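Below is one structure, written out as structure tokens; comments come after it.
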Amino acid sequence: MKEEDFKAIEFVDGKLRVIDQRLLPGKLEYIDLVTAEDVAEAIRTMIVRGAPAIGGAAGYGVYLALIEAKGDTGIFGKLCTMLRTSRPTAVNLMWAVDRVMKKAIDSGYEKEAVKNEADLIVQEDREMNHRLSGIGISVIRKGDTILTHCNAGALATCGWGTALGVIKEAHRNGLDIHVYADETRPLLQGARLTAWELTRDGIPATLIPDSAAASLIRDGKIDLIILGADRITTNGDVANKLGTFMLSVVAKEYGVPFYSAAPTSTIDFSMKEGKDIPIEVRNPEEVKRFGGILMAPEEIEVYNPAFDVTPHQNITGIITEKGIIYPPFDKNIERLRKGEEL
Ligand code: MRU
């Protein structure tokens, strides 16, 4: 199994070491997080980002919270709530915090058991990503051009990647693909992170402004779209980086297959429809400034949602480590929940 030569998150010597993703591609720099507050702040400020990476980091955050709480379960609970609410949209965050907290309670607040649970989340995420990538390449034909949005690669996960994992697997299998990467305004995860990963892996790729995607799709230049997910509801609606919905509308109009790739930890089995997914609205400065330079009148009002929801009607399939979920999504997600074959 070929792995990337960097890790978005890694627990070393009692500290959570993360890549400061705000500095890429200029600098590959690591930061050590030593408290639960450090972890929550790194998630809030997007030093660590991408649904599964956020989940992996938060798992270790719970372990650090347990150490800090020194046996005070009230403090432990408060620190866990702080972690759980550090970003609202990616369900992997709440899922990971709840899972490691449960281990803490079930084990009688046994530190080693809690640390092992956090390790397990990371290990399982890497495995799920490899598995879903192997499954996902079945939707790619030799010579395909693939459009992706945001960053759903090794940086966004505990290793390998989801949508970008499928793309890397296709490249590794000699499928002769070409990738179009949306730059992904305003924080440029596509330009800064996906393009960085693609270049490092030697995958033929073209970076495009987000608004170029529609005409490329119309002109038959895109064979399929594969991107990630931050939360999938039980009817198959998908929350992902802002701009995903717009791509899905154009893809549907021109008959281009549209896939979301995500581990099953991204499915929120408690939520039926995408309209109920909390969408994070971020700081206006992210839109008004570019590289710190003001690009709009200081006083202009800004709306800066970080995500949007793509209705299941616009989705061809959801690639998971357990197989590809096709319509009817509600029935098939229920089968998956019950542990039945897809
Ligand atoms: O705001 P971000 O950078 O955390 O948003 C990331 C995305 O939207 C990804 O597509 C998603 O988390 C999937 S990552 C495997």
Side-chain angles (χ1 to χ4, degrees), residues 4 8-9 18-22 24 42-58 86-96 121-122 125-126 128-133 136 147-168 181-197 210 225-232 238-248 258-268 274 277-283 286-287 304-310 315 318-321:
E4 57 284 347
I9 68 165
V18 299
I19 293 177
D20 187 346
Q21 298 196 29
R22 300 168 307 178
L24 286 169
I43 293 171
R44 261 182 239 121
T45 55
M46 295 175 65
I47 289 172
V48 182
R49 33 92 19 224
I54 291 171
S86 50
R87 283 188 85 186
T89 306
V91 77
N92 305 62
L93 171 62
M94 299 84 196
W95 170 85
I121 287 180
V122 169
D125 188 62
R126 296 184 75 85
M128 287 192 288
N129 292 339
H130 278 289
R131 223 172 302 138
L132 75 81
S133 299
L147 177 73
T148 192
H149 189 65
C150 195
N151 171 263
L155 289 166
T157 60
C158 302
W160 188 248
T162 58
L164 209 52
V166 177
I167 287 169
K168 290 198 286 187
D182 280 351
E183 62 173 351
T184 318
R185 280 278 292 150
L187 295 183
L188 303 177
Q189 289 92 330
R192 296 188 305 101
L193 310 176
T194 297
W196 184 77
E197 288 197 42
D210 300 328
I225 297 171
I226 309 180
L227 34 71
D230 287 86
R231 192 187 296 230
I232 301 167
V238 169
N240 190 50
K241 180 52 58 194
L242 184 73
T244 300
F245 168 53
M246 200 158 68
L247 287 174
S248 79
F258 184 97
Y259 290 93
S260 170
T264 49
S265 51
T266 306
I267 302 177
D268 184 346
I277 299 175
I279 298 295
E280 177 182 16
V281 178
R282 293 187 64 86
N283 193 327
E286 293 179 351
V287 177
N304 183 21
F307 303 97
D308 58 27
V309 175
T310 297
I315 297 170
I318 300 171
I319 302 164
T320 77
E321 82 282 3

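Please read these numbers as outputs of a predicted model, since none were measured by experiment. When a ligand or atom number is given, it counts from 1 through the structure's own listing order.
Each of the following atoms of ligand 1 lies closer than 4.0 Å to a heavy atom of Gly50: 4 (O), 12 (O). Shown in contact with Ala152 at under 4.0 Å from a heavy atom are these atoms of ligand 1, numbered in order with element: 14 (S), 15 (C). Under a 4.0 Å criterion applied to the non-hydrogen atoms of Gln189, ligand 1 contributes the atoms 1 (O), 2 (P), 3 (O). Those atoms of ligand 1 that come under 4.0 Å of a heavy atom in Asn151, given as number and element, are 9 (C), 14 (S). Taking a cut-off of under 4.0 Å to the non-hydrogen atoms of Met46, the atoms of ligand 1 that pass are 1 (O), 2 (P), 3 (O). Of all atoms in ligand 1, listed by their number and element, those nearer than 4.0 Å to a heavy atom of Thr162 are 15 (C). Set against the non-hydrogen atoms of Thr157, the atoms of ligand 1 under 4.0 Å away are 15 (C). Atoms of ligand 1 found under 4.0 Å from any heavy atom of Ala156 (numbered from 1 in listed order, with element): 14 (S), 15 (C).
Checked by atom type and distance alone, the side chain of Thr148 pairs as donor or acceptor with a backbone atom of Ile226 at under 3.5 Å.
On a distance-only criterion, His149 and ligand 1 share no N/O pair closer than 3.5 Å. In terms of polar-atom proximity, Asp230 is counted as a contact of ligand 1, with an N or O under 3.5 Å from an N or O of the ligand. Checked against a 3.5 angstrom limit, the closest N/O atoms of Ala51 and ligand 1 fall inside it.
Among Arg49, Gln189, Gln21, the one residue that satisfies the side chain to side chain donor-acceptor pair (under 3.5 Å) test with Asn151 is Arg49.
Put simply, no part of Leu227 is less than 4.0 Å from ligand 1, judged by heavy atoms. Heavy-atom distances between Cys150 and ligand 1 reach below 4.0 Å in at least one pair. Contact annotation: Thr244 has no heavy atom less than 4.0 Å from any atom of ligand 1. By the 4.0 Å heavy-atom criterion, Arg87 is counted among the residues contacting ligand 1. Using a 4.0 angstrom heavy-atom cutoff, Ala229 counts as in contact with ligand 1.
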- Message: Pair Thr89, Asp230 - check side chain to side chain donor-acceptor pair (under 3.5 Å), show working.
- Response: CA-CA 6 Å; Thr89 306; Asp230 287 86; over 6 Å; no

- Query: Is there a side-chain contact (heavy atoms from CB on, under 4.5 Å) between Thr194 and Leu155 once you walk through the steps?
  - Reply: CA-CA 9 Å; Thr194 297; Leu155 289 166; over 6 Å; no

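Atom CG in Asn240 sits 6.5 Å away from atom SG in Cys150 (nearest 0.5 Å). Atom OG1 in Thr310 sits 5.5 Å away from atom CD1 in Ile315 (nearest 0.5 Å). Note that CD1 of Ile47 and CG of Asp20 are 5.0 Å apart. Values are rounded to the nearest 0.5 Å.
Lys241 CE, 3.3 Å is the protein heavy atom nearest to atom 5 (O) of ligand 1. In terms of protein heavy-atom proximity, atom 9 (C) of ligand 1 is closest to Asn240 OD1, 3.5 Å.
A donor-acceptor pair shorter than 3.5 Å can be found between the side chains of Asn92 and Thr266.
Classification of Glu4 and Arg126 as a salt-bridged pair holds, one side-chain N sitting under 4.0 Å from a carboxylate O. Using a cut-off of 4.0 Å between Lys/Arg side-chain N and Asp/Glu carboxylate O, Arg185 and Glu183 are scored as not salt-bridged.
Using a 4.5 Å heavy-atom threshold, the side chains of Val309 and Val238 count as separate.
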